[in-house]
Amino acid sequence: MMLLTKTPWRDFRTYDIQGPALTEIGHEFIYASGAPEPKDERNFTWVLLTPEQVSIARKTGGLNLISMIKKNKPDIVQLCSLELLPLGIYLKLRKITKVVYDCREDMASALYDRKANFPMFIRKLIFRGVKALENFADRRFDGVITADPGVYEFYPQTPDERKMVCYNTALLEQFPRNYNHPAEREYDCVILGSMTSHRCGTHNLMDAIGLLKQKGIIIKLLMIGEPQNDMVERINKIVDKYQLKDQIHITGIIPHCDVPAILAKARIGIVPLHDYQKFHRNIACKAFEYMACGMPTIASELPPQRLFLDENIARFFTPNDAESLANRIEELYNDYPRIEKMGELARQKMEEQWNGDIEQEKLKKFYSNLIEMPARS
């Protein structure tokens, strides 16, 4: 059973990568989520959680879902968010079922950064509380899955055969090689997501475009997603400051299945993350999708991106430095032969090493072995 409360039912990692892989193992796969109405495009056994169940689960650590789990009697429950760890602890202490935690990011650092308006002692308590939950998972859970090597290191007490890295890479079937030549694409640059927090650096990208406009370089920017929170006001101020309204197109929220075709309208993908502790461990998954669309990436100079990006397919700039980013964009601007060559090498690297099909095979092997192992005491 895969259990989702915080994440939407059509979450790419669970619905497109992990779920389909697990159905091929030969065991019944239960997908328990808060979908308003399950669209059974996958061969899953659906367990629909009501909005009330989801709301209570998010406030109680998932403990209200114990009876549902006992009723379905899964061999393994995969918890897909930090807020469900209290449920996992209960399931292990009562020896009800095996428990796997799918940890997607450095949650302790992420929450510490997001709660910047809280008193420092509260932020430290949150950090230590998350670490305590993760420590229990490390010592007692039957398996751990992470989205990158940096978070994988948080679980040293979990035996290697009980943990794995499952990257949030693009699936080849969703990203066919039917994209246009760079000269035929509509937008110069694209940013996928990253419009909910200033830490994701979207405003730096817009400032960079403004600086380039002052030099007579007009960049057309595609922003896939919808600005939220304080980002709406910040983006509007930058647009007004540099008069960028005609240069920027914001799609709003779109289904993930529509992303490949829209993303392929741009020539260069941007990853403008700031230099925060969380981003020293977590990979920017949008770069995988840029690679899949045959485009080079311009990314903040942070350790995780260096794992799969190099100078043959990417350029790097100083985090939180709009001028540095503008220089990298100018370096590639209208150089279609270079963009095409870098994009082709990026696509090749994605096909050979960084795609979801490879991750699905790893996941099948992981769960096939785990289901045969005894529960961890």
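- Using a cut-off of 4.0 Å between Lys/Arg side-chain N and Asp/Glu carboxylate O, Asp148 and Arg104 are scored as not salt-bridged.
- A salt bridge is absent between Asp240 and Lys245: the closest approach of a Lys/Arg side-chain nitrogen to an acidic carboxylate oxygen does not fall below 4.0 angstrom.
- Annotation: Glu184, atom CD; neighbour count of heavy atoms from other residues, nucleotides and ligands within 6.0 Å is above 12.
- No hydrogens or angles considered: a donor-acceptor pair under 3.5 Å links the side chains of Tyr367 and Gln78.
- Other residues, nucleotides and ligands contribute more than 12 heavy atoms inside 6.0 Å of the CD atom of Gln353.
- Comment: Lys59 does not engage Glu83 in a salt bridge, judged by the lack of any side-chain N to carboxylate O separation of less than 4.0 angstrom.
- Remark: the Arg13 side chain and the Asn168 side chain contain an N/O donor-acceptor pair separated by less than 3.5 Å.
- Interatomic distance, OH of Tyr276 versus SG of Cys200, reported as 10.0 Å (0.5 Å rounding).
- Of the N and O atoms on the side chains of Thr318 and Asp321, not one donor lies less than 3.5 Å from an acceptor on the other residue.
- Salt bridge present: Arg338 and Glu331 bring a charged side-chain N and a carboxylate O closer than 4.0 Å.
- Remark: Lys131 qualifies as a cation-pi partner of Phe154 under the 6.0 Å distance and 45° angle criteria applied to the six-membered ring.
- Residues Asp335 and Tyr333 have side chains that never bring a donor and an acceptor to within less than 3.5 angstrom of each other.
- In the hydrophobic cluster analysis, where Ile, Leu, Val, Met, Phe, Trp and Tyr join through side-chain heavy atoms closer than 4.5 angstrom, Val77 is grouped apart from Ile371.
- Using a cut-off of 4.0 Å between Lys/Arg side-chain N and Asp/Glu carboxylate O, Lys286 and Glu289 are scored as not salt-bridged.
- A donor-acceptor pair shorter than 3.5 Å can be found between the side chains of His274 and Asn204.
- Atoms OH and CG, on Tyr31 and Leu3 in that order, are 10.5 Å from each other to the nearest 0.5 Å.
- One side chain, Glu28 or Thr45, offers a donor N or O that lies under 3.5 Å from an acceptor on the other.
- Between the CD1 atom of Ile250 and the CD1 atom of Ile235 there is a distance of 5.5 Å, given to the nearest 0.5 Å.
- With Gln348 as the fixed residue, the side chain to side chain donor-acceptor pair (under 3.5 Å) test singles out one of Glu344, Glu352, Glu351: Glu344.
- Cation-pi geometry between Arg123 and Phe118 is not satisfied (NZ or CZ under 6.0 Å from the ring centre, within 45° of the ring normal).
- Counting non-hydrogen atoms of neighbouring residues, nucleotides and ligands closer than 6.0 angstrom, the NZ atom of Lys341 reaches no more than 12 such neighbours.
- Side-chain polar atoms of Asp102 and Gln18 form a donor-acceptor pair below 3.5 angstrom.
- Taking the charged nitrogens against the carboxylate oxygens, Asp142 and Lys163 have no contact shorter than 4.0 Å, which rules out a salt bridge.
- Between Glu330 and Lys215 there is a salt bridge, with a side-chain nitrogen of the basic residue lying less than 4.0 Å from a carboxylate oxygen of the acidic one.
- Within a 6.0 Å radius of NZ in Lys124, no more than 12 heavy atoms belonging to other residues, nucleotides or ligands are found.
- In summary, Arg139 and Glu134 do not engage in a salt bridge, as defined by a charged side-chain N under 4.0 Å from a carboxylate O.
- Remark: Asn180 CG to Arg267 CZ distance equals 10.5 Å, nearest 0.5 Å.
- Atom-to-atom distance recorded for Tyr187:OH and His249:NE2 is 4.5 Å, nearest 0.5 angstrom.
- To the nearest 0.5 Å, atoms CG (Leu345) and CD (Glu311) are separated by 13.0 Å.
- Using a cutoff of 4.0 Å between basic side-chain nitrogens and carboxylate oxygens, Asp188 and Lys220 are not scored as salt-bridged.
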